[in-house]
**Student:** 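Structure in structure tokens, see below.
The analysis underlying the following values was restricted to heavy atoms, covering all of them including side chains, and did not include hydrogens, waters or symmetry mates. These figures come from a predicted structure and were not determined experimentally.
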Amino acid sequence: MKNEPVCCKIEHHAILFAFLAKHAIEICGEAGREAILSGMTVYGNERGRRMAGNALARGDKLTTMTSQAYGEWAPDYDGQMEFGQLRTEPTLQTYISRCAWCDAWKKHGLTEYGKLYCVNVDNAVYQGFHPDFVCTPTAAALTWGGERCEFDWGHPLTPTEVKELADKKKELGTSCMRDFNFHTAHLKNTLSRTLIETLGADGEKAVELALKDFSDTFGREYLDALAGIYP
């Protein structure tokens, strides 16, 4: 029998980030922390620009509604995430009350490092989608001790747009989504590049140790599965 293809899930994506943050900070202290945060802004912007490209290629304008429609990932299974809308006017506000990334960091004892993922990623994606947009957290994130993550997207969804959003999501289905081999490879590429450009030899060492930890935790085949995917 042939071996089944290796497929990363949210857990792998989350833990790779946490290992990169852990070793960057252990080696470089505050400079490592700032490098990770900078890398996450770059990563989020890249995701947002890719989403915008998908929207424009299909003739859609870049609006708050389409930013919600062109998401690139879905939970690994039903019930893994719990999220929704708090209101749609005068500005769209959303929440996350259960997060698979948080669950993964807690499982592996890496929340202290994983929580840095949450600092700016949502805003970075949104600003990558449209540079004039700003996503503002309105509550402490789950990983920072909050009861749930809450976000204000700065623009309303009118009743017409609410219907358009549902219709657009149905139309798109999974056509613009990427699996977590892609997302994990993207994270690896962008954060590794940022750490090395920012921290030099110390950044290279942090990446090397993080990838070793990732391989030791999940198996070398999961690391090998990321090769050649991104960019």
**Student:** Quick one: do I27 and L110 end up in the same hydrophobic cluster if we chain Ile, Leu, Val, Met, Phe, Trp and Tyr together by side-chain heavy atoms under 4.5 Å apart?
**Tutor:** no
**Student:** Could you pull out the closest heavy-atom pair between A24 and L195, with the gap in Å?
**Tutor:** CB-CD2, 3.9 Å
**Student:** Let's go through H155 and L92 carefully: what are the C-alpha distance in whole Å and the side-chain angles of both, what is the deciding distance for side chain to side chain contact (heavy atoms under 4.5 Å, CB included) to 0.1 Å, and is it a yes or a no?
**Tutor:** CA-CA 6 Å; H155 297 276; L92 173 65; over 6 Å; no
**Student:** Can you confirm whether more than 12 heavy atoms, excluding those of Q85, are under 6.0 Å from its CD atom?
**Tutor:** yes
**Student:** Which class fits the ring pair W153 and F151: parallel under 30°, tilted 30 to 60°, perpendicular over 60°?
**Tutor:** tilted
**Student:** Restricting to side-chain contact (heavy atoms from CB on, under 4.5 Å), what partner residues turn up for A74, sequence neighbours left out?
**Tutor:** M177
**Student:** Could you tell me whether a side-chain N or O of R87 sits under 3.5 Å from a main-chain N or O of T91, the two making a donor and an acceptor?
**Tutor:** yes
**Student:** I need the minimum non-hydrogen distance between A35 and T198, along with the two atoms involved.
**Tutor:** CB-CG2, 4.0 Å
**Student:** Which heavy atom of L223 sits nearest a heavy atom of F214, and at what distance?
**Tutor:** N-CE2, 3.9 Å
**Student:** Less than 4.5 Å apart, side chain to side chain, heavy atoms only: is that true for E112 and K115?
**Tutor:** yes
**Student:** In terms of hydrophobic clusters joined by side-chain contacts under 4.5 Å, are W105 and L37 together?
**Tutor:** yes
**Student:** Closest approach of L172 and A69, non-hydrogen atoms and distance?
**Tutor:** CD1-O, 3.6 Å
**Student:** Between E171 and R58, does any side-chain N to carboxylate O distance fall below 4.0 Å?
**Tutor:** no
**Student:** Following the transitive rule for hydrophobic clusters with a side-chain heavy-atom cut-off under 4.5 Å over Ile, Leu, Val, Met, Phe, Trp and Tyr, establish whether F218 and F180 coincide in one cluster.
**Tutor:** yes
**Student:** So do the side chains of L211 and K188 get within less than 4.5 Å of each other, counting heavy atoms only?
**Tutor:** yes
**Student:** If you define the side chain from C-beta out and look only at heavy atoms, does anything of Y222 sit under 4.5 Å from T184?
**Tutor:** no
**Student:** Parallel, tilted or perpendicular: which one describes the rings of Y117 and W101, with boundaries at 30° and 60°?
**Tutor:** parallel
**Student:** From T66 OG1 over to M51 CE, what is the distance, rounded to the nearest 0.5 angstrom?
**Tutor:** 8.5 Å
**Student:** Using side-chain heavy atoms (C-beta onward) and a distance below 4.5 Å, is C176 in contact with R50?
**Tutor:** no
**Student:** Of all heavy-atom pairs between C135 and D122, which one has the smallest distance, and what is that distance?
**Tutor:** SG-CB, 4.2 Å
**Student:** For K212, does its backbone N or O pair with a side-chain atom of S215 as donor and acceptor, under 3.5 Å?
**Tutor:** no
**Student:** Going hydrophobic residue to hydrophobic residue with side-chain gaps under 4.5 angstrom, can you get from W73 over to Y70?
**Tutor:** yes
**Student:** Could you measure the distance from the CG atom of L56 to the CZ atom of R49? Nearest 0.5 Å is fine.
**Tutor:** 13.0 Å
**Student:** Indicate yes or no: does E46 engage R193 in a salt bridge with an N to O separation below 4.0 Å.
**Tutor:** yes
**Student:** Are I96 and M81 close enough that some pair of their side-chain heavy atoms sits under 4.5 Å apart?
**Tutor:** yes
**Student:** Would a hydrophobic clustering, with Ile, Leu, Val, Met, Phe, Trp and Tyr connected at side-chain separations under 4.5 Å, put I196 with I25?
**Tutor:** yes
**Student:** Please check this pair: side chain of T41 against backbone of A124, looking for a donor-acceptor N/O pair closer than 3.5 Å.
**Tutor:** no
**Student:** Go through the steps to decide whether W144 and L116 satisfy the test side chain to side chain contact (heavy atoms under 4.5 Å, CB included), and finish with yes or no.
**Tutor:** CA-CA 9 Å; W144 290 79; L116 297 177; 4.2 Å; yes
**Student:** Between D152 and T138, does the side-chain hydrogen bond (donor to acceptor under 3.5 Å, both in side chains) criterion hold? Intermediate values first, please.
**Tutor:** CA-CA 7 Å; D152 189 312; T138 57; over 6 Å; no
**Student:** Is it true that, when you exclude E30 itself, more than 12 heavy atoms of the residues, nucleotides or ligands shown sit nearer than 6.0 Å to its CD?
**Tutor:** yes
**Student:** Looking at N181 and C8, what are the two nearest heavy atoms and their distance?
**Tutor:** OD1-N, 2.6 Å
**Student:** Could you check whether any side-chain heavy atom of L191 comes within less than 4.5 Å of a side-chain heavy atom of M40, counting everything from C-beta outward?
**Tutor:** yes
**Student:** Suppose we call two aromatic rings close when their centres sit under 6.0 Å apart. Are Y113 and H108 close by that rule?
**Tutor:** no
**Student:** Give, for atom CG of L157 and atom CD of E164, the distance between the pair rounded to the nearest 0.5 Å.
**Tutor:** 9.5 Å
**Student:** Students often mix this up, so state it plainly: with edges at 30° and 60°, are the rings of Y43 and H13 parallel, tilted or perpendicular?
**Tutor:** tilted
**Student:** Distance from C28 atom SG to R33 atom CZ, nearest 0.5 Å?
**Tutor:** 14.0 Å
**Student:** Roughly how far, to the nearest 0.5 Å, is SG of C149 from OH of Y95?
**Tutor:** 12.0 Å
**Student:** Is there a side-chain hydrogen bond (donor to acceptor under 3.5 Å, both in side chains) between S67 and T64? Walk through the geometry before answering.
**Tutor:** CA-CA 5 Å; S67 78; T64 295; 5.1 Å; no
**Student:** Tabulate below the donor-acceptor pairs under 3.5 Å that side-chain atoms of residues 14-23 make, not counting sequence neighbours, or state none.
**Tutor:**
{"from": "K22", "atom 1": "NZ", "to": "E26", "atom 2": "OE1", "distance (Å)": "3.3"}
{"from": "K22", "atom 1": "NZ", "to": "E26", "atom 2": "OE2", "distance (Å)": "3.1"}
{"from": "H23", "atom 1": "NE2", "to": "D213", "atom 2": "OD2", "distance (Å)": "2.6"}

**Student:** Do T194 side-chain atoms and T190 backbone N/O form a donor-acceptor pair below 3.5 Å?
**Tutor:** yes
**Student:** Run the side chain to side chain contact (heavy atoms under 4.5 Å, CB included) check on N123 and T136 step by step: do they pass?
**Tutor:** CA-CA 7 Å; N123 183 57; T136 305; over 6 Å; no
**Student:** In Å and rounded to the nearest 0.5 Å, what is the CD to CD1 distance from Q80 to I10?
**Tutor:** 4.0 Å
**Student:** Given 3.5 Å as the limit, does a donor-acceptor pair link the side chain of H183 with the main chain of R178, or not?
**Tutor:** yes
**Student:** For K168, does the NZ atom sit with more than 12 other heavy atoms under 6.0 Å from it, leaving out its own atoms?
**Tutor:** yes
